[in-house]
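Here's the structure we're looking at; comments come further down.
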Protein chains: 2
Amino acid sequence: MKKIDSISEMQKISEELRASGKTIAFVPTMGFLHEGHLELMREGKRRTDILIASIFINPIQFGFSEDLDAYPRDMEGDFKKAKNAGTDFIFIPSVKEMYPKTFQTTINLKSITNHLCGLSRPGHFDGVAIVIAKLFNITRPHIAIFGQKDFQQLAIIRCMVKDLNLDIEIIGHQTVREDDGLAMSSRNSYLNSKEQISALCLKKSLDLSIAMVNGGVTETLKIKSAIEKLISTHSFVEIDYITICDPETMEDINIIEGEALLALAVYIGKTRLIDNCLLNA
Amino acid sequence: MKKIDSISEMQKISEELRASGKTIAFVPTMGFLHEGHLELMREGKRRTDILIASIFINPIQFGFSEDLDAYPRDMEGDFKKAKNAGTDFIFIPSVKEMYPKTFQTTINLKSITNHLCGLSRPGHFDGVAIVIAKLFNITRPHIAIFGQKDFQQLAIIRCMVKDLNLDIEIIGHQTVREDDGLAMSSRNSYLNSKEQISALCLKKSLDLSIAMVNGGVTETLKIKSAIEKLISTHSFVEIDYITICDPETMEDINIIEGEALLALAVYIGKTRLIDNCLLNA
């Protein structure tokens, strides 16, 4: 595995790989890699000749009061894990090179960002869109793989790729979970042992909703009430949002007909966690 | 010369050309081609193996009260001219394919658009940025050529290419003029014979300013006053702006030290025309 920290060097390597007929998979990360990231990498490696991963904690997707400084880091551990998962090139640019002083371009997706985490975290998805557009242009992949845990992020990237006519196949990979059901996330490292138990309310809410829909309930208000009740039995939990919406447009729905996305965001103590699943009525 | 109206077909051709080692030049236009466009095409053909040009009247770069519907068109004439100028592929997508109903992505450059035409034409450069980003991703050029007449547009595209890490060399080509000095523009076709004479105030203003700077004048206020006076002797002319600014940031300057951009926008009757030149003190 080769470590690359220069944009121009990474771009040159990607172009040469493409010119020689190699296919490239790309997995962008903010590091502190867990099994969720590694599954994306293995999936990329299975599908293409060359796997490029990136580690870049993107400052502009964090809000002022968010956890940029505290965001967990383990570069040496990440290198070992990425290498074992089949990464050929790990791209680790500096903030200074990604965002020089003259940097001023923003990318905004006006409808799809106006829901769910886009409301709780203003500007977050603009930061995601610009960094992913930059990373795509630097690594020039044929496919890029994202976790379905960040469902709205995945929908935004799919839409941006379509709107900008980027010739990249976007693959959503199913959420990888701990044995107890908690969706893997770098932010899980913030939880103490009591909070870890409370955090299970997320997966329990998904399971409850699936059971209700399978049992014939289609009114989203009923499902959301049941989730609220379930969550209220857990300590340290504050609900940010419980939303059942169209999986493409992210617009709220009242009655589930066909496929719907259930998306949850909660604070467990000070830690904000998200989870989601598809519901099929 | 091959005519292509499908995005996917154009993208496939460009990728195959690149994969076979060919270099590509790209010249985007809104059609009604004149010698200014054709010079950009010839320059592109001189520099690369393959020349792709596009004709697309981009609706989202026109304001509500602007001349979208009246914008001059001559597709058959354009095809002949583009072919003679060395164009290998002419890309002519539909508005529907470029902007399907679900389209929602915007690209904004916050500092550089906040000057000159960006103030007179709100949203104009967002429309330019998104269509150029799309066309670049569809035609995948190594170089792209733009006229210096649209100096701010050129600066914005250079900045966007740098910010998004697009691996494309942007070339600015000097303004092509009629024998009488009028900068070539598709909008010149709106002028009647009296207005054509008034329109010469633009080039005369540039010449006057260069003469003043060569004569030692560096205070931009003095130069702008002299231009106002000169323009006031022409009929049917209303000044939109007279600006002397930094050629990269587009920020106003008071005293010229080194290189400065003089940019003018005037209405000749109902027709808005622009022109510019560099001043060197």
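To find a chain, count down the sequence lines: A is the first, B the second, and so on, and within it residues start at 1. The basis for the numbers below is simple: all heavy atoms, side chains too, and nothing from hydrogens, waters or symmetry mates.
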### Task
Against chain A, label B/Leu135 side chain, backbone, both or neither, depending on which of its atoms sit under 4.5 Å from a heavy atom there.
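B/Leu135 has no heavy atom closer than 4.5 Å to chain A.
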### Query
Where does A/Leu164 contact chain B at under 4.5 Å (heavy atoms): side chain, backbone, both or neither?
both
#### Entry: Heavy-atom contact with chain B under 4.5 Å, split by part of A/Glu248
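A/Glu248 has no heavy atom closer than 4.5 Å to chain B.
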How many angstroms lie between atom [atom1] of [X] and atom [atom2] of [Y], to the nearest 0.5 angstrom?
X: B/His142; Y: A/Glu15; atom1: NE2; atom2: CD; value: 7.0 Å
X: B/Arg18; Y: A/Arg18; atom1: CZ; atom2: CZ; value: 8.0 Å
X: B/Asn165; Y: A/Arg140; atom1: CG; atom2: CZ; value: 12.5 Å

### Query
Take atom CD in A/Gln174; do more than 12 heavy atoms of anything else shown fall under 6.0 Å from it?
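Not buried by this count: 12 neighbours or fewer within 6.0 Å.
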### Task
Assess whether atom NZ of B/Lys45 is packed by more than 12 heavy atoms of other residues, nucleotides or ligands within 6.0 Å.
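Counting neighbours around NZ of B/Lys45, more than 12 heavy atoms of other residues, nucleotides or ligands fall under 6.0 Å, so yes.
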### Task
Would you indicate whether the side-chain heavy atoms of A/Gln104 and B/Thr113 approach each other to under 4.5 Å?
no
### Message
I'd like to verify something: which residue of B/Ala19, B/Ser111, B/Ala133 has the highest number of heavy-atom pairs under 4.5 Å with chain A?
### Response
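Ranked by contacts with chain A, first place is B/Ser111.
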### Query
If you count heavy-atom pairs under 4.5 Å with chain A, which of B/Thr249, B/Ile112, B/Ile130 comes out on top?
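Looking at each option in turn, the highest pair count goes to B/Ile112.
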### Task
Could you point out which residue of A/Thr106, A/Thr105, A/Ile107 forms a side-chain contact (heavy atoms from CB on, under 4.5 Å) with B/Asp163?
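So, applying the side-chain contact (heavy atoms from CB on, under 4.5 Å) to B/Asp163 and each of A/Thr106, A/Thr105, A/Ile107, only A/Thr105 qualifies.
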### Query
Of the non-hydrogen atoms in B/Gln11 and A/Leu166, which two are nearest, and what is the gap between them?
NE2-C, 4.4 Å
